**Student:** 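Pasting a structure here, questions to come.
Computation of the quantities below employed the complete heavy-atom set of this structure, encompassing side-chain atoms and omitting hydrogens, waters and symmetry-equivalent molecules. As the structure is a prediction and not an experimental result, all values here were calculated from the model.
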Amino acid sequence: MSLKRTVTATLAAAAVSLSALGAVATAPSAGAAIPAAQVAGQTPVGTVKAWDAPRSPSLVAGTTKPQDWVQQVDHKTVLSYKVYSPSMRRDIPVAVIPATNAQGQRVSGAPTVYLLNGAGGAEQNQDWLKMAPVKEFFAGKGVNVVIPQAGAFSYYTDWLDDTMNTAYLQGPQKWETFLAKELPGPIERTLGADSRRAIVGFSMSGTSALVLPEHYPGFYNAAASFSGCAATSSPAGYNFARLTVNRAGNSDFTTITPERMWGPMNGPYNRWNDALVNAERLRGTALYISTATGLAGRPDQVGYLLGLGAPDGVAQVASAKLQVEGGVIEGAINQCSHDLRAKLEGLNIPATYEFRNVGTHSWPYWRDDLQKSWFTTIAPAFGM
């Protein structure tokens with residue numbers, strides 16, 4: 001979907017929709033979540049290091065081109081750090097939008113939203129800062145935003161196999177350990193944050209944004225999953241993950257497999273990383289879950305892309321990609337999301353659902369979701 005990515009990246013700012021907010025589900029009462037030190041336990045935590053990203057930028061995978069998000073780092077409204085991960089034995093680039101008040105002044109004692117990128121991540125210039133007006137949206141809201149700018153095709157999980165060696169996955173992949181144990185304490189201390197936190201993901205990381213709160217109940221006040229498939233141990237869910245991680249291979253699309261990540265399908269570790277199987281563990285976390293049907297919506301039409309300034313040929317091809325490839329993916333996610341809703345309702349676990357009648361697996365919808373999830377779910381869970 002490289003052409004789709006090109007169009008959406010170029011026209012990202014103009015493509016933000018200002019849809020009306022959805023209904024608010026009953027959420028758990030606001031308050032501090034479990035302290036980071038309690039979850040980390042005896043696990044060695046990370047080390048936060050100053051990093052001038054514009055002067056020493058991370059590169060797009062397989063190129064000498066700097067990742068585009070670093071252009072937004074001004075050390076005021078967008079900060080950059082390297083956080084050393086003891087489990088992965090390397091520095092992880094992290095972007096931060098610090099909490100500010102309405103006057104633009106830094107504030108302490110603020111909650112933290114952890115935004116996870118999708119499959120291609122910053123390594124493919126497909127990260128939150130590049131593709132959405134994240135800095136502008138969170139300005140003045142009194143919340144820290146932390147975006148790990150690595151982890152493409154990893155599912156942000158702890159892999160069983162530590163021997164990967166591709167352009168995207170090299171050595172140990174211990175993303176759950178990093179996100180839940182190594183990163184929060186050090187980065188929250190650096191920012192003067194409190195223990196309120198939320199986790200947000202889309203597509204690949206929409207799965208992670210459900211699994212992590214299940215593995216650490218009470219650690220996140222809120223979780224938001226945009227177009228994410230909760231199931232990973234069913235034949236459909238496992239092979240959907242296969243299609244994602246295969247893309248991290250060097251050339252043959254068979255080098256990197258879910259077997260190397262979670263072991264055999266429906267095995268104990270695979271089931272532990274299945275958010276549908278473990279849905280009961282989401283009780284007490286404020287939830288926002290979105291999906292669409294895969295049918296073309298307004299942002300998927302040729303005329304819409306032409307209106308944003310795309311050349312005719314580019315608009316035609318991009319629209320076809322969105323409607324065919326993006327439509328098929330979102331159609332599959334739609335089934336996953338309805339399964340999760342049925343499971344949560346059967347367990348009497350409340351959530352806010354944004355189930356659209358139309359829409360593909362693409363950024364205009366996730367930009368809408370970021371706004372809707374904040375107002376309906378995350379801010380109320382923070383008591384804001």
**Student:** List, one per line, each side-chain donor-acceptor pair under 3.5 Å for residues 185-192, sequence neighbours excluded.
**Tutor:**
{"residue": "Glu188", "atom": "OE1", "partner": "Arg197", "partner atom": "NH2", "Å": "3.0"}
{"residue": "Glu188", "atom": "OE2", "partner": "Tyr114", "partner atom": "OH", "Å": "2.7"}
{"residue": "Glu188", "atom": "OE2", "partner": "Arg197", "partner atom": "NE", "Å": "2.9"}
{"residue": "Thr190", "atom": "OG1", "partner": "Pro186", "partner atom": "O", "Å": "2.8"}

**Student:** Looking only at non-hydrogen atoms, find the nearest pair between Asp274 and Ser234 and report the distance.
**Tutor:** OD2-N, 4.2 Å
**Student:** Take Phe153 and Gln173, measure what side chain to side chain contact (heavy atoms under 4.5 Å, CB included) needs, and give me the verdict at the end.
**Tutor:** CA-CA 11 Å; Phe153 307 114; Gln173 303 296 311; over 6 Å; no
**Student:** Applying the ring pair (Phe, Tyr, Trp, His ring centres under 6.0 Å) criterion to Trp128, which one of Trp363, Trp69, Trp366 satisfies it?
**Tutor:**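 Option passing the ring pair (Phe, Tyr, Trp, His ring centres under 6.0 Å) with Trp128: Trp363.
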**Student:** Between side-chain atoms of residues 199-211 and protein atoms elsewhere (two or more places apart, or another chain), which donor-acceptor pairs fall under 3.5 Å?
**Tutor:**
{"residue": "Ser203", "atom": "OG", "partner": "His361", "partner atom": "NE2", "Å": "2.7"}
{"residue": "Ser205", "atom": "OG", "partner": "Leu116", "partner atom": "O", "Å": "3.2"}
{"residue": "Ser205", "atom": "OG", "partner": "Asn117", "partner atom": "O", "Å": "3.0"}
{"residue": "Ser205", "atom": "OG", "partner": "Phe202", "partner atom": "N", "Å": "2.9"}
{"residue": "Ser205", "atom": "OG", "partner": "Phe202", "partner atom": "O", "Å": "3.1"}
{"residue": "Thr207", "atom": "OG1", "partner": "Cys229", "partner atom": "O", "Å": "2.6"}
{"residue": "Ser208", "atom": "OG", "partner": "Tyr155", "partner atom": "O", "Å": "2.7"}

**Student:** Check Asp74 with Lys76, please: is the shortest side-chain N to carboxylate O separation under 4.0 Å?
**Tutor:**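 No salt bridge links Lys76 with Asp74.
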**Student:** Would you say the side chains of Ser87 and Glu182 form a donor-acceptor pair under 3.5 Å?
**Tutor:** yes
**Student:** Applying side-chain contact (heavy atoms from CB on, under 4.5 Å), name anything that partners His75, two or more places apart in sequence or on another chain.
**Tutor:** Asp52, Pro54, Val73, Ser80
**Student:** Decide whether a cation-pi geometry holds between Arg341 and Tyr353; the criteria are a distance under 6.0 Å from NZ or CZ to the six-membered ring centre and an angle within 45° of the ring axis.
**Tutor:** yes
**Student:** Quick one: does any side-chain atom of Lys130 pair with a main-chain N or O of Asp68 as donor and acceptor, under 3.5 Å?
**Tutor:**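 Between the backbone of Asp68 and the side chain of Lys130 there is no qualifying donor-acceptor contact (under 3.5 Å).
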**Student:** Out of curiosity, does Tyr168 fall in the hydrophobic cluster containing Val60 (side-chain heavy atoms, cut-off under 4.5 Å, transitive links)?
**Tutor:**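 Result: no, two separate clusters.
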**Student:** Considering non-hydrogen atoms only, spot the tightest contact between Val134 and Val145 and give its length.
**Tutor:** CG1-CG1, 4.3 Å
**Student:** Quick one, Val48 and Val94 - any side-chain contact, counting heavy atoms below 4.5 Å?
**Tutor:**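 Answer no - side chains too far apart.
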**Student:** Can you tell me how far CD of Gln38 sits from OH of Tyr216, rounded to the nearest 0.5 angstrom?
**Tutor:** 12.5 Å
**Student:** Regarding Glu330 and Asn334, do their side chains bring together a donor and an acceptor under 3.5 Å, going by distance alone?
**Tutor:** no
**Student:** For Trp262, check side chain to side chain donor-acceptor pair (under 3.5 Å) against everything at least two apart and list the hits.
**Tutor:**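 Here the qualifying residues are Thr157.
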**Student:** Can you pull out every salt bridge (Lys or Arg N to Asp or Glu O under 4.0 Å) where at least one residue sits in residues 154-164? Sequence neighbours excluded, please.
**Tutor:** Asp161-Arg260, Asp162-Lys174
**Student:** Grouping I, L, V, M, F, W and Y whenever their side-chain heavy atoms are under 4.5 Å apart, do Ile34 and Leu212 come out in a common cluster?
**Tutor:** yes
**Student:** For residues 53-128, which residue pairs pass the disulfide bond (SG atoms under 2.5 Å apart) check, not counting sequence neighbours?
**Tutor:** none
